[in-house]
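Quick notes on the structure that follows.
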Amino acid sequence: MEELWTSLTQKHKEDVLTLQEELLYKKMGKAMLFLSNNPRHPGLQSHEVEALSRVGLG
């Protein structure tokens, strides 16, 4: 994930993002802003992943 973000950031600085990359860059940036300010922000549309929640409960 970090590698993807670094790549998108570099391409953004160089102004060579494709349309799809530009949309992903904006979505990731917005999600990271929400996460840093409020991890429970409704715009993150997060939810519990039951299979992960059950791990280690056996």
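Heavy-atom basis, side chains included; hydrogens, waters and symmetry copies ignored. Here the structure is a predicted model, which is why all the values come from computation and not from measurement.
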Please report the interatomic distance [atom1]([X]) to [atom2]([Y]), rounded to the nearest 0.5 Å.
| X | Y | atom1 | atom2 | value |
| --- | --- | --- | --- | --- |
| Met32 | Asn37 | CE | CG | 12.5 Å |
| Thr9 | Lys13 | OG1 | NZ | 6.5 Å |
| Leu33 | His41 | CG | NE2 | 8.5 Å |

If you compare all heavy atoms of Phe34 against all heavy atoms of Leu44, which two are closest, and at what distance to 0.1 Å?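 Nearest heavy atoms, Phe34 then Leu44: CB-CD2, 3.7 Å.
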Could you tell me which residues satisfy side-chain hydrogen bond (donor to acceptor under 3.5 Å, both in side chains) with Glu3, sequence neighbours excluded, listed by chain and number?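 Per chain and number, Glu3 pairs via side-chain hydrogen bond (donor to acceptor under 3.5 Å, both in side chains) with no residue.
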Using only atom types and a distance under 3.5 Å, with no angle test, would you say the side chain of Glu21 pairs donor to acceptor with the backbone of Thr18?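 Flag set: sc Glu21 to bb Thr18 pair under 3.5 Å.
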Under a single-linkage definition using a 4.5 Å side-chain heavy-atom cutoff for Ile, Leu, Val, Met, Phe, Trp and Tyr, are Leu23 and Leu8 assigned to the same hydrophobic cluster?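 They do not share one cluster, since no chain of ILVMFWY contacts under 4.5 Å joins Leu23 to Leu8.
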Side chain to side chain contact (heavy atoms under 4.5 Å, CB included) for Met28 and Leu4? Distances and angles first, verdict last. CA-CA 10 Å; Met28 287 180 71; Leu4 173 60; 4.0 Å; yes
Within a 6.0 Å radius of atom CD on Glu14, are there more than 12 heavy atoms belonging to other residues, nucleotides or ligands?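 Yes, enclosed.
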Full working for side chain to side chain contact (heavy atoms under 4.5 Å, CB included) between Lys11 and Tyr25: CA-CA 10 Å; Lys11 286 183 175 184; Tyr25 176 77; over 6 Å; no
Output, in order, the C-alpha distance, side-chain angles, deciding distance and verdict of side chain to side chain contact (heavy atoms under 4.5 Å, CB included) for Glu22 and His12. CA-CA 8 Å; Glu22 181 72 30; His12 177 74; 4.1 Å; yes
